[in-house]
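Okay, structure first, notes after.
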Amino acid sequence: CAGIQQNQFTSSLNLPKNESRQILVTPHLTVADVNYSNEVFALGDCCQIERNPLPLTAQVAYQQGQYLAHLLNKTAGNKSFKIETISPFK
């Protein structure tokens, strides 16, 4: 079997996924489900940004990690912070 296969943990989560069983996320890397809006994040090859598929490479995962660290540092301790004020991951 060639290609990337999702791990059992990711596959078992009750979150929206694409046909490859990757978790669907918004451009801010939050899970694309209103029930988890701005509370649950996913990055790397376990997810796909809706309408913006990116290659499943270490470089993309690294960049997403840097983006998410920046975003979490901005939001830490600020309950009134709006995630939409940060530019989306590109």
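Numbers here are sequence positions counted from 1.
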Looking at residues at least two apart in the chain, or sitting in another chain, which of them share a side chain to side chain donor-acceptor pair (under 3.5 Å) with Glu50?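 Residues passing side chain to side chain donor-acceptor pair (under 3.5 Å) with Glu50: none at all.
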For the [atom1] atom of [X] and the [atom2] atom of [Y], what is their distance to the nearest 0.5 Å?
X     : Y     : atom1 : atom2 : answer
Leu15 : Arg21 : CG    : CZ    : 14.0 Å
Ser20 : Asp45 : OG    : CG    : 11.0 Å
Phe41 : Cys47 : CZ    : SG    : 12.0 Å
Leu54 : Ile49 : CG    : CD1   : 5.0 Å
Asp33 : Leu13 : CG    : CG    : 11.5 Å
Ile23 : Thr30 : CD1   : OG1   : 12.0 Å

Search all heavy atoms of [X] against all heavy atoms of [Y] and return the closest pair with its distance.
X     : Y     : result
Ala32 : Thr26 : CA-CG2, 4.2 Å
Lys17 : Ser11 : NZ-O, 3.6 Å
Pro27 : Pro88 : CB-CB, 3.4 Å
Leu43 : Gly65 : CD1-N, 3.9 Å
Gln64 : Phe89 : CG-CZ, 3.4 Å
Pro55 : Val60 : O-CG2, 3.6 Å

Any side-chain heavy atom of Leu56 sitting closer than 4.5 Å to one from Gln22?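 A side-chain contact under 4.5 Å exists here.
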Is there a side-chain contact between Gln48 and Val25 in this structure, where contact means two heavy atoms from C-beta onward sitting under 4.5 Å apart?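 Result no, sub-4.5 Å side-chain heavy-atom pair not found.
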Taking atom CD of Glu84 as the centre, report whether more than 12 heavy atoms of other residues, nucleotides or ligands fall under 6.0 Å from it.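 Yes, enclosed.
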Taking everything shown except Asn78 itself, do over 12 heavy atoms lie less than 6.0 Å from its CG?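 Correct, the count exceeds 12.
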On the 0 to 90° scale, with breaks at 30° and 60°, tag the Tyr67-His28 ring pair as parallel, tilted or perpendicular.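 Aromatic pair Tyr67/His28 classed tilted.
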Please answer: with hydrophobic residues joined when any side-chain heavy atoms are less than 4.5 Å apart, are Val40 and Leu24 in the same cluster?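 Shared cluster, no.
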Consider only side-chain heavy atoms of I, L, V, M, F, W and Y, link residues closer than 4.5 Å, and tell whether Leu68 and Ile86 are in one cluster.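 Yes; tracing contacts between hydrophobic side chains, which count when under 4.5 Å, links both residues.
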Kindly determine whether Gln66 and His70 satisfy side chain to side chain contact (heavy atoms under 4.5 Å, CB included), including the steps that lead there. CA-CA 6 Å; Gln66 288 184 312; His70 172 73; over 6 Å; no
